[in-house]
Amino acid sequence: MSNRKAEVFIDGNKVMDLPILIDTMENEALDIRDLRKQTGMITYDPGFGNTGSCQSQITYLDGEKGILRYRGYPIEELIEKCDFIEVAYLLIHGHLPSKAERERYTQLLNRHSLLHVDMQSFFRRYPEHAHPMSILAAMSVSLSSFYEINVDEDPELEIDLTVTRLMSKIRTIAAFTYRKMRGSDFVNPRHEYSYCGNFLNMLFSSPVVPYEPNPVHIKALNKLLILHADHEQNCSTTAVRLVGSAGGGNLYSAVSAGICALWGPRHGGANQAVIDMLQQIHDDGGDVQKAVDRAKDKNDPYRLMGFGHRVYKTYDPRAKIGREICEEVLADLGIKDPLLEIAEKLEETALQDDYFKERFLYPNVDFYTGIIFRAMNIPTNMYTVLFSMGRLPGWIAHWLEWRHDPFERIGRPRQLYMGPTARSVPHIDERE
Ligand code: ACO
């Protein structure tokens, strides 16, 4: 809170002072909590572009400068110095784990990684063409039937257990959705593997061909999951907080809502859409200018997927890291992917174009990640599943923060009603 206030005038008359709040990075916000009480008015902000829905200590991002930090640590440093589990721990617990905490956490994740056998049978009933995101969302909420959350006895202990179960079992569920798609038997997690190594083993190991997770894949997966681990009040995290705000303490259902929100192509589903777009450009002869022209045409719904962001008005730092990982992984694996060449040309062409410059449209996190997943032999419809695995600790951290927020209330926006005024119901014979 600062001593400064914003005066609100309506028709020339001062109606109230709005307090100005200042966050730890010196950004200012108008506190409108008493606005309706004092003026009878609400604010109108479709898409919540100007609305701060909570106070948070988890992630800081500066969209003008291209800065992203988890709990104060720059994303670039976390990517280099930590693995995904350390970053997940940081987001969820608020501090980086010590060696002992890290070891204990690994043991806990291993212990809770199996799925109830009855739950395993659910997977078999989905049709072959089912999108893995639909299975992931359904299985996440189903966890609440198999692993009940009993908050009556020791709520904090119970929530802790739920968080660990979710972190561990989501990986098993994600791997099983892939095996289901392939028509292969499920592979259970094994204690000797790391979190990412275990996931790759569950995806790719076979009883007839020897398989050992490739260290290049493990390293890339760790980096990618860290890159996706949190992004403050984005669409899916807001969905998680909103579902949480209805009460009941069911983390599984809130996370399932987050998965559903993430699936959309304007959000996490963009990573799959980018590859579809690049493939289409490739199959069409590789004319990137044509794609840029289509994206600019207001009569064409076509957009450059993996481009643009609500908050970043400069290069998304995650896209920069994504491009570096992509080039590194392809070089390490000795792969030459024509889609990378198209992506780089497309980026260059768009960034020189006035339409993109004027609107501050840059590549976002999804622009290069799909090419990395492709190099790891992961099919396109699994990309958003991997994004979900990465985002899970962020969703959990926000859900936990919401639970302890002294200002928390049920999430319930208002509206401007533009429908008909009051009228009476005509008899059915008189209706047109
Ligand atoms: N291609 C072409 N034009 C675009 C694009 C794009 N990818 N993105 C935005 N624009 C244009 C809009 O048409 C609009 O133009 P106008 O001012 O002439 O009307 C202007 O840029 C502003 O765009 P909005 O849609 O108002 O921006 P908003 O903040 O609401 O949307 C979003 C952001 C959804 C990410 C948008 O940029 C988009 O659809 N991008 C493509 C999908 C994508 O990559 N999503 C992943 C985002 S990252 C993530 O969620 C993990």
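Counting starts at 1 for both ligands and their atoms, following the listed order. Computation of the quantities below employed the complete heavy-atom set of this structure, encompassing side-chain atoms and omitting hydrogens, waters and symmetry-equivalent molecules. The residues of the chain are indexed from 1 along the displayed sequence.
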Colleague: Check for a donor-acceptor pair, side chain of K169 on one end and backbone N or O of L115 on the other, with a separation under 3.5 Å.
Modeller: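 A pair under 3.5 Å: no.
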Colleague: Quick check on ligand 1: any N or O pairs to the protein under 3.5 Å? One line per pair.
Modeller:
{"residue": "ligand 1", "atom": "1 (N)", "partner": "L304", "partner atom": "N", "Å": "3.2"}
{"residue": "ligand 1", "atom": "3 (N)", "partner": "Y355", "partner atom": "OH", "Å": "2.9"}
{"residue": "ligand 1", "atom": "7 (N)", "partner": "L304", "partner atom": "O", "Å": "2.7"}
{"residue": "ligand 1", "atom": "7 (N)", "partner": "F307", "partner atom": "O", "Å": "3.0"}
{"residue": "ligand 1", "atom": "13 (O)", "partner": "K298", "partner atom": "NZ", "Å": "3.0"}
{"residue": "ligand 1", "atom": "13 (O)", "partner": "R303", "partner atom": "NH2", "Å": "3.1"}
{"residue": "ligand 1", "atom": "13 (O)", "partner": "Y355", "partner atom": "OH", "Å": "3.4"}
{"residue": "ligand 1", "atom": "15 (O)", "partner": "K298", "partner atom": "NZ", "Å": "3.1"}
{"residue": "ligand 1", "atom": "15 (O)", "partner": "R359", "partner atom": "NE", "Å": "3.2"}
{"residue": "ligand 1", "atom": "18 (O)", "partner": "K298", "partner atom": "NZ", "Å": "3.0"}
{"residue": "ligand 1", "atom": "18 (O)", "partner": "R359", "partner atom": "NE", "Å": "3.0"}
{"residue": "ligand 1", "atom": "18 (O)", "partner": "R359", "partner atom": "NH2", "Å": "3.0"}
{"residue": "ligand 1", "atom": "25 (O)", "partner": "R303", "partner atom": "NH1", "Å": "3.2"}
{"residue": "ligand 1", "atom": "25 (O)", "partner": "R303", "partner atom": "NH2", "Å": "3.1"}
{"residue": "ligand 1", "atom": "29 (O)", "partner": "R310", "partner atom": "NE", "Å": "2.8"}
{"residue": "ligand 1", "atom": "30 (O)", "partner": "R310", "partner atom": "NH2", "Å": "3.0"}
{"residue": "ligand 1", "atom": "39 (O)", "partner": "R303", "partner atom": "NH1", "Å": "2.8"}
{"residue": "ligand 1", "atom": "40 (N)", "partner": "F307", "partner atom": "O", "Å": "2.9"}
{"residue": "ligand 1", "atom": "44 (O)", "partner": "G306", "partner atom": "N", "Å": "2.8"}
{"residue": "ligand 1", "atom": "44 (O)", "partner": "N364", "partner atom": "ND2", "Å": "2.9"}
{"residue": "ligand 1", "atom": "45 (N)", "partner": "R266", "partner atom": "O", "Å": "2.8"}
{"residue": "ligand 1", "atom": "50 (O)", "partner": "H267", "partner atom": "ND1", "Å": "2.8"}

Colleague: Before giving the answer on ring pair (Phe, Tyr, Trp, His ring centres under 6.0 Å), spell out for Y193 and F199 the whole-Å C-alpha distance, their side-chain angles and the decisive distance to 0.1 Å.
Modeller: CA-CA 9 Å; Y193 285 129; F199 177 65; over 10 Å; no
Colleague: Going by the ring-ring contact (aromatic ring centres under 6.0 Å, His included) test, which pairs reach into residues 223-254, not counting sequence neighbours?
Modeller: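 Matches after skipping sequence neighbours: H228-F387, H231-H309, H231-Y312.
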Colleague: For the residue pair F146 and H116, does the interplanar ring angle fall in the parallel (under 30°), tilted (30 to 60°) or perpendicular (over 60°) class?
Modeller: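 Tilted.
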Colleague: Give the ring-plane orientation class for H131 versus W263, where under 30° counts as parallel, over 60° as perpendicular and anything between as tilted.
Modeller: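 Because their plane-to-plane angle lies in the 30° to 60° range, the rings of H131 and W263 count as tilted.
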Colleague: Using modelled atom types only, decide if a donor and an acceptor are shared between the side chain of K357 and the backbone of L351 within a distance under 3.5 Å.
Modeller: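 No, because the side chain of K357 does not come within donor-acceptor range (under 3.5 Å) of the backbone of L351.
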